[in-house]
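Notes to accompany the following structure.
Nothing fancy with the numbering, it's 1 onward along the sequence.
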Amino acid sequence: MKYTRNDFKDQNSQSKKSFYVAACAVLACAAVLGTAYFQTQKTGNTGNSKLAEQPVATAAGEAAINKKWEADAQDITGNDSKQASTTMNAEKQTTAKNKKNVEVKANKKQTTARKSSKATMMSASQRSFNEEKGLSWPVKGDVLMKFSQSNNIYFKTLAQYKSNPAIEISADEGTKVIASAAGTVTEIGKDDVTGTMVTTDIGSNYKITYGQLKNIKVKKGDEVKEGQLLGNVAAPTKYFSEEGSNLFFQVKENDKAVDPLLLLN
């Protein structure tokens, strides 16, 4: 079979066309693959950007939360401080008020005590003792020892003669002792010799002291009436153990002891 020159030209033309088609197909595939790779890279980068941004967003959120907690803590602390301050101020005001009330009450008590003392002094100074009427006997009993300004009274317990600024009236222990005259209780004291004593101001510069008492029924400042119970006869002190239980009864005029027997009825 013979081939002509034209036949070779046709074969060359077809070969070239096939080459071009193949080359175009390769280029097209390469373009498709390049586009796909580019899209993949872009998507990956975008995803990475989002992932990269996420910690930033989380940190910002945590910062915001921390800031809010700090604000809340400050608000709570502020409220607690205000409340504590208010409570302290209230307590201070209450304490100051209570202190003021105590001071007012103390002042009232002092004022009342001064008024009472003043009233007692006025009552005692205004009272007068009727010497003609005299005194009632504080207890019923015999006079064990008389009043004496000289050393002629014998004290059995002491075994010696002494002066006696009062009289001792014999009375059983527990015997009731009454006021010999109306007056004001000016003193309640105790002495080793005469035991517990009650002194009353009966006016006109006269005072009476009742000694060797117990179960005292009055207090200093009391106004007593004639015949009012003052207390009871106590056991004798060691200075009168031989004489036995008795009432020590002393009367003073202008602070000078006088014989009670001259005034007792």
[atom1]/[X] to [atom2]/[Y] distance, rounded to the nearest 0.5 angstrom?
X: Q160; Y: T157; atom1: CD; atom2: OG1; result: 10.5 Å
X: E132; Y: L263; atom1: CD; atom2: CG; result: 12.0 Å
X: I178; Y: K140; atom1: CD1; atom2: NZ; result: 8.5 Å
X: N246; Y: T194; atom1: CG; atom2: OG1; result: 10.0 Å
X: I208; Y: T200; atom1: CD1; atom2: OG1; result: 4.5 Å

Show me the pairs that pass ring-ring contact (aromatic ring centres under 6.0 Å, His included) and involve residues 130-167, at least two apart or across chains.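 Listed by first then second residue: Y154-Y161.
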Side-chain contact, heavy-atom cut-off 4.5 Å: [X] with [Y]?
X: V198; Y: T209; result: no
X: D201; Y: V185; result: no
X: F249; Y: L264; result: yes
X: L230; Y: K217; result: no
X: F248; Y: Y210; result: no
X: E226; Y: K133; result: yes

Indicate, with yes or no, if [Y] and [X] share a hydrophobic cluster defined by side-chain heavy-atom contacts under 4.5 Å among Ile, Leu, Val, Met, Phe, Trp and Tyr.
X: L144; Y: V233; value: no
X: L135; Y: L262; value: no
X: F240; Y: M197; value: no
X: I202; Y: V139; value: yes

Examine the side chains of [X] and [Y] and answer whether a donor and an acceptor come within less than 3.5 Å of each other.
X: S180; Y: S136; value: no
X: T196; Y: Q212; value: no
X: R127; Y: T184; value: yes
X: E131; Y: Y206; value: yes

Please give me the minimum heavy-atom distance between [X] and [Y], naming the atom from each residue.
X: L247; Y: P138; answer: CD2-CG, 3.5 Å
X: A181; Y: V224; answer: O-CG2, 4.4 Å
X: N232; Y: V177; answer: C-CG2, 4.2 Å
X: D192; Y: Y239; answer: O-CD1, 3.4 Å

Quick one: salt bridge (Lys or Arg N to Asp or Glu O under 4.0 Å) pairs with a partner in residues 240-257, sequence neighbours left out?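 Pairs touching residues 240-257 that pass the test: none.
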Applying side chain to side chain contact (heavy atoms under 4.5 Å, CB included), name anything that partners K220, two or more places apart in sequence or on another chain.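 By the side chain to side chain contact (heavy atoms under 4.5 Å, CB included) rule, K220 matches no residue at all.
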N205: what forms a side-chain hydrogen bond (donor to acceptor under 3.5 Å, both in side chains) with it, not counting sequence neighbours?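 Residues passing side-chain hydrogen bond (donor to acceptor under 3.5 Å, both in side chains) with N205: N254.
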Using side-chain hydrogen bond (donor to acceptor under 3.5 Å, both in side chains) as the criterion, list what pairs up with K219, not counting sequence neighbours.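 Per chain and number, K219 pairs via side-chain hydrogen bond (donor to acceptor under 3.5 Å, both in side chains) with D222.
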Would you say CG of N265 has more than 12 non-hydrogen atoms from neighbouring residues, nucleotides or ligands within 6.0 angstrom?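 Yes, enclosed.
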Tell me whether D259 contacts the main-chain N or O of L261 through its side chain, where contact means a donor paired with an acceptor under 3.5 Å.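 Present.
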So, the side chain of S245 versus the backbone of P236: is there a donor-acceptor pair under 3.5 Å, distance only?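 Checked: no pair found.
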Please report, to 0.1 Å, the donor-acceptor pairs under 3.5 Å made by any side chain of residues 163-174, with sequence neighbours excluded.
unit_1: N164; atom_1: ND2; unit_2: K146; atom_2: O; d: 2.9
unit_1: N164; atom_1: ND2; unit_2: A166; atom_2: O; d: 2.9
unit_1: N164; atom_1: ND2; unit_2: E168; atom_2: OE1; d: 2.9
unit_1: E173; atom_1: OE2; unit_2: K214; atom_2: NZ; d: 3.2

